[in-house]
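Heads up: numbering here begins at 1 and tracks the sequence. The shown structure was predicted, so the numbers you read here are calculated from the model rather than taken from an experiment.
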Amino acid sequence: LNKYQVKGVFCLTGVNVENSPEIVRRMYDEGHIIVNHGYSDEIAYFLDDDEFRENMLRGNEAITEALGFEIQPKLYRPQGGIYTPAKQKIIDAEGYTVVPFTVTVMDPYATPDKKDKIIKDVIKKTEKQNGGIILLHDGRDSYERNTIELQKNPNGDYNRSWIPEAVEEIIVALLDKGFILNETFEFTQGEK
């Protein structure tokens with residue numbers, strides 16, 4: 001990201017923030033946007049309202065602890081990207097804004113050998129929409145579960161080692177096609 005002067009939006013689960021607070025501080029120090037993605041990797045839609053609120057607030061606490069201050073504005077992305085109207089009321093009541101995405105290719109379930117297809121699909125969807133907010137995952141679930149699953153199957157869909165290279169290839173391709181990253185971190189057509 002720094003190589004191309006691109007700022008990213010990082011949606012962080014609290015359990016992973018606690019495991020690597022130095023990475024969170026680096027993200028912030030480099031000017032990237034930090035988004036609360038809840039504490040655990042549980043899908044927001046399936047949590048009852050109290051569990052949902054607690055998960056969201058614990059995620060914020062972990063980020064605040066890692067950074068030493070509460071970030072503003074308060075941004076949130078529900079785990080799984082889906083939630084109910086009742087959960088939207090909780091999000092609003094706690095002062096959060098939901099961060100959307102418009103380009104998704106289900107990359108969390110892709111194995112390393114699918115990298116080229118993921119890149120092609122992201123570029124194709126971004127071009128078709130004339131821009132968008134691209135969603136990619138550097139991990140699946142919690143750090144602990146990732147570690148266990150990688151030990152079981154090093155080349156399975158928990159192997160995310162290919163993501164940084166894929167991100168670079170996507171950035172280069174979109175910049176070459178005349179896309180720019182605007183102030184809302186969305187790729188749009190424009191002057192280079």
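Remark: His37 NE2 to His137 NE2 distance equals 5.5 Å, nearest 0.5 Å. To the nearest 0.5 Å, atom CD1 of residue Ile71 and atom CD1 of residue Ile63 are 5.0 Å apart. To the nearest 0.5 angstrom, Ile171 atom CD1 is 10.0 Å from Lys3 atom NZ. Rounding to the nearest 0.5 Å gives a distance of 11.5 Å between CD1 of Ile34 and OG1 of Thr64. Distance check: Asn55 CG to Asp50 CG gives 12.5 Å after rounding to the nearest 0.5 Å.
Linking Ile, Leu, Val, Met, Phe, Trp and Tyr residues whenever their side-chain heavy atoms come within less than 4.5 Å leaves Leu75 and Ile90 in two separate clusters. Val98 and Val103 fall into different hydrophobic clusters, defined by Ile, Leu, Val, Met, Phe, Trp and Tyr side-chain heavy atoms under 4.5 Å apart, directly or through other members. Criterion: ILVMFWY side-chain heavy atoms under 4.5 Å apart, direct or through other members. Under it, Tyr83 and Phe101 are not part of a common hydrophobic cluster.
Side-chain contact annotation: Asp41 with Thr13, donor-acceptor N/O pair under 3.5 Å absent. In this structure, a donor-acceptor pair under 3.5 Å is present between the side chains of Tyr39 and Glu18. Side-chain contact, Tyr76 with Asn60: no donor N or O sits under 3.5 Å from an acceptor N or O. In this structure, a donor-acceptor pair under 3.5 Å is present between the side chains of Glu30 and Asn2. Of the N and O atoms on the side chains of Tyr4 and Glu168, at least one donor lies less than 3.5 Å from an acceptor on the other residue.
Between Glu22 and Arg26 there is no salt bridge, since no side-chain nitrogen of the basic residue lies less than 4.0 Å from a carboxylate oxygen of the acidic one. Lys87 and Asp49 are joined by a salt bridge, as a carboxylate oxygen and a charged side-chain nitrogen come within less than 4.0 angstrom of each other. Arg160 has a carboxylate O that lies under 4.0 Å from a charged side-chain N of Asp107, or vice versa, which qualifies the two as a salt bridge. Here Lys152 pairs with Glu149 in a salt bridge; the nearest charged N to carboxylate O distance falls below 4.0 Å. Of the charged side-chain nitrogens involved, at least one lies within less than 4.0 Å of a carboxylate oxygen, so that Asp121 and Lys117 count as a salt-bridged pair.
The one candidate from Glu94, Lys89, Gln88 that meets the side chain to side chain contact (heavy atoms under 4.5 Å, CB included) condition with Asp92 is Gln88.
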